[in-house]
Amino acid sequence: DAKTTQPPSMDCAEGRAANLPCNHSTISGNEYVYWYRQIHSQGPQYIIHGLKNNETNEMASLIITEDRKSSTLILPHATLRDTAVYYCIVRVAGTQGGSEKLVFGKGTKLTVNP
Amino acid sequence: GAVVSQHPSWVICKSGTSVKIECRSLDFQATTMFWYRQFPKQSLMLMATSNEGSKATYEQGVEKDKFLINHASLTLSTLTVTSAHPEDSSFYICSAKWRQGVSLHYGYTFGSGTRLTVV
């Protein structure tokens with residue numbers, strides 16, 4: 001089961017910052033938080049990931065609380081093309097000693113309005 | 001870098017036939033790949049972890065005899081849906097795990113997905 005909870009939907013005005021929250025209260029000390037987004041009928045696109053420090057790249061910023069129980073993805077200047085489902089994922093250990101894996105939750109449907 | 005190619009992008013097949021979906025890592029070697037399934041308006045559900053040179057690890061509730069996974073090389077994993085039925089119609093997505101440089105950090109790149117329709 002996914003270890004994250006997100007609001008099912010959010011709206012944002014074009015040009016404004018979009019702040020997408022995520023709760024992961026059961027996260028373990030060595031588990032990373034990943035963010036992906038999925039535009040309709042496409043494969044998920046990587047956005048950013050982090051462990052405990054805040055991270056920034058050309059797409060977004062990731063703010064992780066000190067206790068690591070929640071995080072926020074920030075799209076600084078949202079555009080219409082940012083309309084998508086955004087998934088916050090905690091990478092979990094594999095079963096039977098296998099590889100760590102990404103287990104998706106339900107995500108947040110972000111709609112950027114003109 | 002870290003490009004994953006998935007084919008076909010869509011396929012229609014008759015009930016009872018088998019369908020093979022390919023997932024290739026184009027510019028890196030992927031010892032581990034993953035297969036997901038997504039029904040309309042739902043999230044991605046992990047089906048199995050594909051390991052190069054060994055048997056796949058299936059998630060609970062996924063029939064390994066129905067969804068055959070082969071990962072014979074470091075750049076190719078295939079998913080075969082055997083004896084497909086209309087309820088197998090779904091969006092199938094693969095993902096490949098890759099190491100970021102010499103660090104211990106890993107990235108996960110997804111294919112563009114395959115829309116399977118069983119009639």
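The sequence lines fix the lettering, A, B, ..., with proteins before strands; numbering per chain opens at 1.
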Are [X] and [Y] in one and the same hydrophobic cluster, where Ile, Leu, Val, Met, Phe, Trp and Tyr link if side-chain heavy atoms are under 4.5 Å apart?
| X | Y | answer |
| --- | --- | --- |
| B/Met45 | B/Trp35 | yes |
| B/Leu68 | B/Tyr92 | no |
| B/Val62 | B/Val118 | yes |
| B/Leu44 | A/Tyr32 | yes |
| A/Leu20 | A/Leu80 | yes |

Practice item. Give the C-alpha distance, both sets of side-chain angles, the deciding distance and a yes or no for ring-ring contact (aromatic ring centres under 6.0 Å, His included) between B/Phe110 and A/Phe104. Key: CA-CA 13 Å; B/Phe110 287 79; A/Phe104 284 69; 5.6 Å; yes

Is it the backbone or the side chain of [X] that comes under 4.5 Å from a heavy atom of chain A, or both, or neither?
| X | value |
| --- | --- |
| B/Ile93 | side chain |
| B/Gln38 | side chain |
| B/Tyr108 | both |

A side-chain contact here means heavy atoms from C-beta on lying under 4.5 Å apart; do [X] and [Y] qualify?
| X | Y | result |
| --- | --- | --- |
| B/Lys41 | A/Lys109 | no |
| B/Tyr106 | A/Arg91 | yes |
| B/Lys97 | A/Lys101 | no |

Revision key, fill the gap. Side chain to side chain donor-acceptor pair (under 3.5 Å) filter on A/Ser71, not counting sequence neighbours, yields A/His24

Review point. More than 12 heavy atoms of other residues, nucleotides or ligands under 6.0 Å from NZ of B/Lys66: is that the case?
Key: yes

Review point. For chain B, which residues from residues 35-51 of chain A have at least one heavy atom closer than 4.5 Å to it?
Key: A/Tyr36, A/Gln38, A/Ser41, A/Gln42, A/Gly43, A/Pro44, A/His49

